[in-house]
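Remarks on the structure that follows.
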Amino acid sequence: MKKRGKGIGSIFYGTGYGNGFPDVSNAIAELLPDGKVAIYVGATEVGQGAKTILSQIAAEVLGIPLQQILFVCEDTATTPDAGTAAASRQTYNTGNAIKIASENLREEIYRLAVEHLKINSKVGLKMADGKVYLNSFPSLAVTFKEIADTFSKQNKRKTLRVEGSFTALTTKMDEETGQGAPYWPYTFSVYGVEVEVDTETGLVEITKAVCAQDVGRAINPKLVEGQIDGGFAMGVGYTIFEDLGLQKGEMKNRRFSNYLIPTALDIPELEKIIIESPEETAPYGAKGIGEPVMIGVAPAILNAIYDAVGVRMTEIPVTPEKLLKAINKAEE
Amino acid sequence: MKFKTVGHSEVRVDAMAKVIGEATYPEDFYMKDMLWGKTLRSTKAHAHVNLDTQDAEKMEGVIKVFTYRDVPDNHHGVVLKDHEVFCSKKVRRIGDPLAFVVAISNKIAEKALKTIKVEYNEIPAIFDPVEAMMKDAPLVHENHKSNIIFHYKLRRGNIEEAFKKCAVIIEKQYKCGMVDHGFLQPEAGLAYMDGDTVVVCAATQYPHFDQLEVAEALHISQEKVRIINPAVGGAFGGREDITMQVHLALATKVLGRPIKTVYSREESFLAHSKRHPMVMTYKTGADANGKLLAMEAELVGDTGAYASWAINVMRKAGVHATGPYEIPNVKVDSYAVYTNNPFAGAMRGFGATQVPIAHEQQMDMIAEELDIDPITIRLINGFTLGSTTATGQVLSDSVPLKECIEAVENSLGIKNHYEEKMEELAMEAGVGI
Amino acid sequence: MEINKTFQETEVEAVLSLLDQYQDNSKIIAGGTDIIIQLHQGRVNPEVLIDISNLNEIKEIKQIEGRILIGSATTFTSLMKSQVIPKNLWGLIEAASQVGSPQIRNAATIGGNICNGSPAADIVPPLLALNSQLVIANKMTERKVPLETFFIDKGKVDLKNNELLSYIEFENIKENQGLGFTKLGLRKALAISRISVAVFLEMKDGCFNEIRIATGSCGKFAIREKEVEDFMRNKQVTDELIEAGANLYSNIILKRLAGRHGSDYKSEAIKGIFKDGLGKATHLAKKGGV
Amino acid sequence: MKKINLKINGSEYSLEIDENMRLIDLIRDVVGLTGTKEGCGEGECGACTVIMGGVTVNSCMVLAFQANGKEILTIEGVKGKGNDKLHPIQKAFLEEGAVQCGFCIPGMVLSAKALLDENNTPSREEIREGISGNLCRCTGYNKIVDAIEKAAYYLVKEAEDNEI
């Protein structure tokens with residue numbers, strides 16, 4: 001017989017290394033001779049979209065299209081240390097560092113524009129599409145390229161380069177009581193799923209799924225959705241498929257034919273709801289979501305299984321074998 | 001506030017190269033006069049070892065076999081430096097690297113690997129983290145007096161008193177298994193000399209830390225190491241600890257030629273970290289209205305043969321053990337324990353992924369006992385702006401948990417579903433009478 | 001030993017000559033989906049590889065005098081798309097469609113699936129339930145063996161090194177007959193079968209006039225379940241009969257797998273799998289393939 | 001060593017190969033087309049998918065000699081030669097955010113192509129079936145399904161426009 005059930009899993013997740021560890025990101029912003037802007041930062045693009053998100057932050061600050069940002073992150077010889085691409089920290093930490101570097105560059109560009117335009121103040125200057133102009137008299141303008149040229153002439157062909165650095169604030173917890181402010185910011189996420197359990201075989205199928213994800217602010221909604229989809233699939237694998245088959249320290253399942261990760265047919269459509277609640281200390285309010293998006297999956301499925309067949313599965317992965325055994329035991 | 005770029009679903013800047021097949025991952029680099037490396041790995045979980053590499057070294061096409069003797073400072077690790085680059089005296093897990101064969105072709109390197117004689121003298125091993133905590137358990141690392149490498153304590157309020165006031169108390173133990181990141185791109189790398197600088201090209205999550213690890217192991221200054229981090233085929237925490245970086249750097253520095261190595265899927269499983277399996281023992285109590293009053297949890301995390309990020313993972317697990325709920329009285333003990341299992345480290349969620357398997361089922365059980373639906377119990381207890389966490393931290397900004405819960409409820413209708421189910425059950429019970 | 005000769009033939013005759021010449025030193029490769037892994041792991045060690053994936057002669061499915069002939073080099077994809085297979089043989093199509101993935105089905109062949117001798121070979125239970133015969137050739141002669149007697153042990157089949165499985169044949173299905181197949185895998189694609197059941201039925205006046213059942217992944221190789229067949233044959237179809245048949249089936253599996261890993265689970269789950277497969281077959285037989 | 005002739009992305013190759021060489025090694029190491037990826041070496045992950053003789057195969061599960069006389073399409077040949085115009089599938093992958101780490105993408109694109117060549121209006125379920133031999137660990141597949149659905153629309157529209 002096939003039985004259906006619904007379940008929810010709600011979680012919070014604290015970003016960063018935490019516990020007062022110096023969680024530092026550094027970035028360099030450079031005005032290139034052609035008027036484009038280069039960002040140098042040692043933050044890895046592992047597939048999560050760091051390059052895009054972080055470029056968007058720089059583009060926003062400098063009022064230029066995304067295509068005008070040259071993002072360099074692949075080489076220790078040219079990039080400053082921006083910490084690890086982990087702990088969901090790149091958007092928040094490195095995003096902040098890049099925002100600061102970009103703002104510093106913006107201030108420098110304003111300063112040079114004031115000189116170039118021979119005006120008496122930067123008040124009222126605006127930046128858009130690679131130009132600095134006077135808001136009240138827009139024809140009084142100078143392009144980034146012109147500013148780059150001028151700077152280069154005045155500074156022995158050097159380019160205008162500025163730095164930005166950001167350190168997340170956390171405190172070391174008390175060793176006896178664990179009291180303190182160990183992480184910041186916290187991200188929230190809730191999953192709801194409907195499952196169908198085959199009581200004759202113990203197979204679990206997820207028939208419906210929804211995720212409501214706090215993001216602070218979505219820098220790139222499509223990328224946020226992509227993270228949610230991916231976290232969900234990994235969560236499904238964790239809960240009902242993946243098992244290394246450890247026996248006396250040996251992984252019996254260490255190939256993709258026996259370590260089963262979900263296929264396209266195992267993953268249902270997922271409703272993704274982005275909840276925005278900008279965080280004051282975050283770049284444009286954006287919080288990290290790479291990890292939170294997978295955390296609520298397992299408990300939602302486990303609670304749905306209980307709702308469907310009345311058994312509490314306290315051990316994952318819930319293989320058909322384990323579930324059928326539990327169902328039969330409960331019937332006895 | 002209106003933004004021009006932020007908030008817009010811009011096309012990924014790296015996607016073009018990826019859809020046309022031009023994105024270069026480490027295995028896509030080839031160099032002239034390149035040599036190939038293969039790693040010999042332990043097949044025993046806990047043993048003293050002796051290597052005889054003579055036959056391999058004599059093989060035609062083999063350039064050199066590297067072992068611990070060749071490594072200036074034979075250690076690495078993200079927190080504790082408890083990994084050896086190549087095991088010197090003993091292996092602590094299946095998959096520990098023992099030697100690195102460099103040959104003119106991959107095929108020869110593979111063949112040479114099979115000619116290395118490894119003498120294993122097995123010693124008692126420990127695979128269960130709870131047993132590993134006991135006094136007489138075999139020690140995985142002799143320089144640690146115990147296999148317990150970390151104990152995080154969280155103490156808030158008075159749980160004994162609070163449990164006395166509870167209308168319902170749920171006690172249960174939960175277990176979650178060890179899993180792999182399963183990123184699609186198995187580890188690969190290429191190293192070469194650029195003047196006197198060692199250049200290592202490998203997929204990593206943290207190039208600057210790899211730079212430090214390579215420099216330390218080779219005993220050279222950090223400026224003489226350059227890490228190039230090309231396209232990375234997924235990571236999820238599994239590329240936090242280094243795998244082949246020092247092997248490649250050492251080989252190219254000694255031999256002066258480019259060296260490449262590519263792991264098979266199986267070797268990838270053996271080489272990188274795993275998610276910590278945990279045994280989580282929970283006791284949670286609430287008053288008759290469903291308000292949580294107390295929670296006690298013991299978390300035992302199996303970090304396998306090496307610490308990797310275990311300290312930070314089990315700390316994070318401890319801090320997140322309550323779930324996103326205000327509980328005035330909390331006691332958490334979270335332990336990281338060595339065993340002879342594959343080593344566990346960072347993986348998406350980092351300790352915060354395991355505990356919800358416990359706390360969220362505890363919540364539902366408490367709710368069921370009190371005949372409260374799963375949504376309401378979470379709204380009663382969930383963090384809101386200004387809430388204080390179990391560590392005493394005040395959530396001063398951006399706490400949209402309730403919005404998240406309500407959004408899911410609006411979509412899935414859990415409350416209604418719960419009430420209908422209760423009615424059905426009541427009807428059935430009624431019929432029974 | 002290393003492969004030092006490879007042949008890519010287009011005529012069956014030529015393949016048989018090569019097999020005759022190289023015998024033990026040679027291996028046939030068709031789809032390659034099993035043998036390349038075996039080569040890599042050193043489980044097979046031939047000097048000579050003979051590629052039969054271009055033998056058009058044995059890549060087709062045809063109907064001759066009431067019998068269906070499937071060439072052994074037919075891929076699963078071709079089987080799935082075949083116009084020759086009638087609708088009430090859906091179990092055969094379903095089994096084929098659950099093999100691996102599209103890429104694997106495009107390469108892997110029916111003959112390969114059989115000759116590899118895996119207990120989890122998806123196509124074997126439906127072919128067993130159809131009372132299939134194998135046509136096996138060598139350079140000199142040809143022999144026919146029932147598929148049922150072809151399997152000797154796990155991974156071991158009744159095929160000599162100079163022989164080639166050329167065809168699989170069985171009697172075409174009639175209107176009141178149906179073939180159902182149900183597989184339990186741990187995921188929905190790329191799944192190795194944990195249990196599979198094929199049921200062939202002939203319905204008459206509400207009775208199972210004929211019933212043939214075959215199980216995969218519950219023993220050294222796929223086998224027919226004659227005890228269950230005998231129990232259900234010629235009986236009026238009722239829920240009670242099906243339940244009793246399922247329980248009998250379960251006991252047989254439990255006994256067969258006694259003490260083996262997963263025996264409790266498989267003997268339990270087989271009930272649901274069997275009922276599902278039986279339901280599909282009944283549906284097809286009743287509808288007469290429409 | 002054995003000599004074989006084959007066509008890859010429209011170009012003829014005549015190559016000396018080892019008898020036990022796999023097709024993926026020929027494509028990557030010999031011909032230098034590194035867009036084809038190896039993720040598992042056992043036909044499970046589909047990262048090495050190429051189209052051979054009109055159908056998708058895992059190039060790690062084909063021996064190079066078997067490709068003699070065959071025509072092969074790799075990711076490098078999907079985009080029109082000599083111009084920058086992306087194939088509609090590639091365009092849709094960009095627009096729908098179907099790419100993350102990118103390692104599975106060449107194989108995905110080829111599986112999508114084989115699917116759409118045969119069925120230009122697939123349902124979402126048929127799309128899932130069509131890519132069920134391509135594992136992805138990043139995207140959870142949904143955006144890839146979105147992209148293939150959109151590519152189907154592009155292709156149908158393109159065919160209609162050509163008719164006019």
* Kindly write out the residues that satisfy ring pair (Phe, Tyr, Trp, His ring centres under 6.0 Å) with B:Phe269, not counting sequence neighbours, or none if the list is empty. =>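 Applying ring pair (Phe, Tyr, Trp, His ring centres under 6.0 Å) to B:Phe269 gives A:Tyr259.
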* Can you say whether the rings of B:Phe3 and A:Tyr284 are parallel (under 30°), tilted (30 to 60°) or perpendicular (over 60°)? ->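 Judged by the thresholds at 30° and 60°, the geometry between B:Phe3 and A:Tyr284 is perpendicular.
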* **Geometric class of the B:His320/A:Phe12 ring pair [parallel <30°, tilted 30-60°, perpendicular >60°]** =>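 Ring orientation of A:Phe12 relative to B:His320: tilted.
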Is [X] in contact with chain A via its backbone, its side chain, both, or neither, using a 4.5 Å heavy-atom distance?
{"X": "B:Ile126", "result": "neither"}
{"X": "B:Val11", "result": "backbone"}
{"X": "B:Gln173", "result": "backbone"}
{"X": "B:Lys421", "result": "side chain"}

* Asked: Salt bridge check: are B:Lys153 and A:Glu176 linked by an N-O gap of less than 4.0 Å?
  ->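 Yes, charged N to carboxylate O under 4.0 Å.
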* **Check ion pair B:Arg275-A:Glu242 (N to O, under 4.0 angstrom)** =>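 Salt bridge between B:Arg275 and A:Glu242, a charged N being under 4.0 Å from a carboxylate O: no.
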* B:Arg12 vs A:Glu45, salt bridge (Lys or Arg N to Asp or Glu O under 4.0 Å): CA-CA, chis, key distance, verdict -> CA-CA 11 Å; B:Arg12 289 177 66 111; A:Glu45 170 64 63; 2.8 Å; yes
* To do: Decide side chain to side chain contact (heavy atoms under 4.5 Å, CB included) for B:Val13 and A:Phe71; before the verdict, give the C-alpha distance in whole Å, the side-chain angles of both, and the deciding distance to 0.1 Å.
  => CA-CA 9 Å; B:Val13 299; A:Phe71 194 86; 5.6 Å; no
* With B:Glu267 via salt bridge (Lys or Arg N to Asp or Glu O under 4.0 Å) - residues at least two apart ->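 Once residues adjacent in sequence are excluded, the partners of B:Glu267 under the salt bridge (Lys or Arg N to Asp or Glu O under 4.0 Å) criterion are B:Arg41.
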* Asked: Hey, which of B:Gln361, B:Glu360, B:Met363 is the one that makes side chain to side chain contact (heavy atoms under 4.5 Å, CB included) with A:Pro299?
  ->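 Running side chain to side chain contact (heavy atoms under 4.5 Å, CB included) over B:Gln361, B:Glu360, B:Met363 with A:Pro299 returns exactly one hit, B:Glu360.
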